[in-house]
Amino acid sequence: EMLWTYGQMGVPGIEPLMLNTPSDVQRLVNGNILITDTGNHRIIEVEKNEIVWQYGNPDNNPTSGYGSGSGQLCYPQSALRLDSGSTLIVDAGNLRVIEISQENQIVWEHYTNQGAEEHQMDSPFRAAKLPNGLVMVLGEQSVIEVDQYDKTVAWSCRLSDFERIKAEKKVVHHIKRGFLKHGVSNPNIKMKEDKEAEEKRQMSEKMREHLEKRISERKESSNKAHV
């Protein structure tokens, strides 16, 4: 059951109750909905069916509302309302991450195509503020952590490095499993050896009981030449 909707499936637009390729949404603590309206180059906060806050494309231009000037965005990919009331926006088309105050002023910004080459990112699409105050930005090929105060990248890593480390750990895991499988300290082998020893003991016990029974039977008979 659909309780609420904003926008029309398969019908792009910028008129009231319309969106164009939205890419992210957040329900706020006040019950409102924060929508990243990517194709309309704007972030909107909706209360029921009314826009109560907007950043980007201030004139709601349906064809050329993008830009890099004051109050403009270009194909934003995500927006996150922070505890401070500011909004953290990944302005992907402008290759930047910006924090916007409730008064629509830029608190700080970081361009992901600037700085040391190993810290650059050409396709940011998600961002979040970490408990330590750094801002983590996720791209299609890498992840970076930005210090918003000195506007530098504190840490970065290529996603291919994660895959490499994952593959290396997998190899080490298999090696360890192989060592344990064939090593004398393998608990599975110890359990198997204990089980085999117990089975042999039980078989010997049964054989002994069987022989004692046979001997007893023979003693009771007159034939003592065979066991």
Side-chain angles (χ1 to χ4, degrees), residues 10 12 19-28 33-44 55-57 65-69 72-84 86-100 106-183 186 188:
L19 300 171
N20 185 357
T21 323
S23 60
D24 193 29
V25 64
Q26 178 190 9
R27 179 178 288 277
L28 306 179
I33 305 296
L34 189 67
I35 303 173
T36 302
D37 191 11
T38 301
N40 285 326
H41 313 287
R42 64 180 183 171
I43 308 297
I44 59 175
Y55 189 85
N57 198 356
Y66 58 89
S68 58
Q72 291 184 313
L73 298 172
C74 181
Y75 295 103
Q77 293 297 307
S78 67
L80 180 67
R81 181 63 50 81
L82 304 176
D83 293 339
S84 63
S86 297
T87 304
L88 187 64
I89 301 172
V90 177
D91 187 17
N94 286 318
L95 295 175
R96 65 176 179 171
V97 179
I98 58 175
E99 182 178 333
I100 303 297
I106 295 179
V107 179
W108 69 274
E109 62 184 345
H110 172 78
Y111 285 86
T112 62
N113 63 334
Q114 297 180 0
E117 183 177 355
E118 63 269 20
H119 297 329
Q120 293 183 16
M121 178 185 294
D122 59 5
S123 54
F125 64 87
R126 288 291 184 275
K129 181 164 285 190
L130 303 177
N132 60 7
L134 299 179
V135 174
M136 176 176 286
V137 184
L138 181 63
E140 292 183 359
Q141 299 180 354
S142 62
V143 58
I144 61 175
E145 291 183 3
V146 181
D147 188 329
Q148 66 182 83
Y149 299 105
D150 60 14
K151 299 179 182 179
T152 59
V153 176
W155 175 82
S156 66
C157 184
R158 297 288 176 181
L159 296 183
S160 58
D161 293 337
F162 282 112
E163 294 300 322
R164 176 180 56 79
I165 295 172
K166 182 179 178 181
E168 290 176 352
K169 286 186 175 181
K170 187 175 181 181
V171 170
V172 172
H173 179 66
H174 283 308
I175 291 174
K176 287 183 177 180
R177 286 189 63 186
F179 173 77
L180 290 174
K181 182 177 180 181
H182 300 289
N186 188 337
N188 294 326

Novice: To the nearest 0.5 Å, what is the distance between CD1 on I89 and CZ on R42?
Specialist: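 Separation between the atoms: 13.0 Å.
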Novice: Do M121 and V137 come within less than 4.5 Å of each other through their side chains, counting heavy atoms only?
Specialist: yes
Novice: My understanding is that only residues two or more places apart in sequence, or in another chain, count here; which of them pass ring-ring contact (aromatic ring centres under 6.0 Å, His included) with Y55?
Specialist: none
Novice: Using a 3.5 Å distance criterion without hydrogens, assess whether the side chain of N57 forms a donor-acceptor pair with backbone atoms of L73.
Specialist: no
Novice: Which residues pass the ring-ring contact (aromatic ring centres under 6.0 Å, His included) test with Y66, sequence neighbours left out?
Specialist: H41
Novice: Mind checking whether V97 and L88 have side chains closer than 4.5 Å, heavy atoms only?
Specialist: yes
Novice: Quick one: closest heavy-atom pair of E99 and S84, and the distance?
Specialist: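 Residues E99 and S84, closest heavy atoms: OE2-OG, 4.1 Å.
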Novice: When you measure from the side chain of D37 to the backbone of N20, do you find a donor-acceptor pair of N or O atoms at a distance under 3.5 Å?
Specialist: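 The answer is yes, because a donor-acceptor pair under 3.5 Å joins these two groups.
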Novice: Between L19 and I44, does a side-chain contact (heavy atoms from CB on, under 4.5 Å) hold up when you go through it step by step?
Specialist: CA-CA 10 Å; L19 300 171; I44 59 175; 3.8 Å; yes
Novice: Check side chain to side chain contact (heavy atoms under 4.5 Å, CB included) between T38 and all other residues, then give those that pass, not counting sequence neighbours.
Specialist: S23, T36, Y75, Q77
Novice: Just to verify, what does R96 make a salt bridge (Lys or Arg N to Asp or Glu O under 4.0 Å) with, not counting sequence neighbours?
Specialist: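 Here the qualifying residues are D91, E109.
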Novice: How far apart are the closest heavy atoms of G67 and N94, and which atoms are they?
Specialist: O-ND2, 2.9 Å
Novice: Quick one: CG on D24 to CG on L34, what's the gap to the nearest 0.5 Å?
Specialist: 8.0 Å
Novice: State, yes or no, whether a side-chain contact exists between V107 and I100 at a heavy-atom distance under 4.5 Å.
Specialist: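 Of all side-chain heavy-atom pairs linking I100 with V107, none is under 4.5 Å.
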Novice: Under the side chain to side chain contact (heavy atoms under 4.5 Å, CB included) test, which residues partner E117, sequence neighbours left out?
Specialist: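 For E117, no residue satisfies side chain to side chain contact (heavy atoms under 4.5 Å, CB included) once neighbours in sequence are set aside.
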Novice: Identify all side-chain donor-acceptor contacts of residues 146-157 below 3.5 Å with residues at least two apart in sequence or on another chain.
Specialist:
{"residue": "D147", "atom": "OD1", "partner": "Y149", "partner atom": "N", "Å": "3.0"}
{"residue": "Q148", "atom": "OE1", "partner": "K129", "partner atom": "NZ", "Å": "2.9"}
{"residue": "D150", "atom": "OD1", "partner": "T152", "partner atom": "N", "Å": "3.2"}
{"residue": "D150", "atom": "OD1", "partner": "T152", "partner atom": "OG1", "Å": "2.7"}
{"residue": "D150", "atom": "OD2", "partner": "T152", "partner atom": "OG1", "Å": "3.3"}
{"residue": "S156", "atom": "OG", "partner": "E118", "partner atom": "O", "Å": "3.4"}
{"residue": "S156", "atom": "OG", "partner": "H119", "partner atom": "ND1", "Å": "2.7"}

Novice: How many angstroms lie between atom CD of Q120 and atom CG of D122, to the nearest 0.5 angstrom?
Specialist: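 If I round to the nearest 0.5 Å, the distance is 9.0 Å.
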Novice: Can you tell me if S142 uses its side chain to pair, donor with acceptor, with the backbone of R158 under 3.5 Å?
Specialist: no
Novice: Heavy atoms only: give me the nearest V135-A127 pair and the separation to one decimal.
Specialist: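 Minimum heavy-atom separation between V135 and A127: CG1-CB, 4.4 Å.
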Novice: May I have the step-by-step check of side-chain contact (heavy atoms from CB on, under 4.5 Å) for I43 and I35, ending in yes or no?
Specialist: CA-CA 6 Å; I43 308 297; I35 303 173; over 6 Å; no
Novice: According to side chain to side chain contact (heavy atoms under 4.5 Å, CB included), who are the partners of N132, at least two apart in sequence or on a separate chain?
Specialist: L130, L134
Novice: Verify, without hydrogens or angle tests, whether S78 (side chain) and F125 (backbone) share a donor-acceptor contact under 3.5 angstrom.
Specialist: yes
Novice: Once you round to the nearest 0.5 Å, how far does OG of S68 lie from OH of Y111?
Specialist: 6.5 Å
Novice: Which atom names give the shortest non-hydrogen contact between P124 and L95, and what distance separates them?
Specialist: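 Taking P124 first and L95 second, the nearest heavy atoms are CD-CD2, 4.0 Å.
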Novice: Using side chain to side chain contact (heavy atoms under 4.5 Å, CB included) as the criterion, list what pairs up with S123, not counting sequence neighbours.
Specialist: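 For S123 the side chain to side chain contact (heavy atoms under 4.5 Å, CB included) partners, ignoring immediate neighbours, are E140.
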Novice: For L80 and T87, run side-chain contact (heavy atoms from CB on, under 4.5 Å): C-alpha distance rounded to whole Å, both residues' side-chain angles, the deciding distance at 0.1 Å, then the answer.
Specialist: CA-CA 6 Å; L80 180 67; T87 304; over 6 Å; no
Novice: Of all heavy-atom pairs between E145 and M136, which one has the smallest distance, and what is that distance?
Specialist: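 The pair with the smallest heavy-atom distance is OE2-CE, 3.3 Å.
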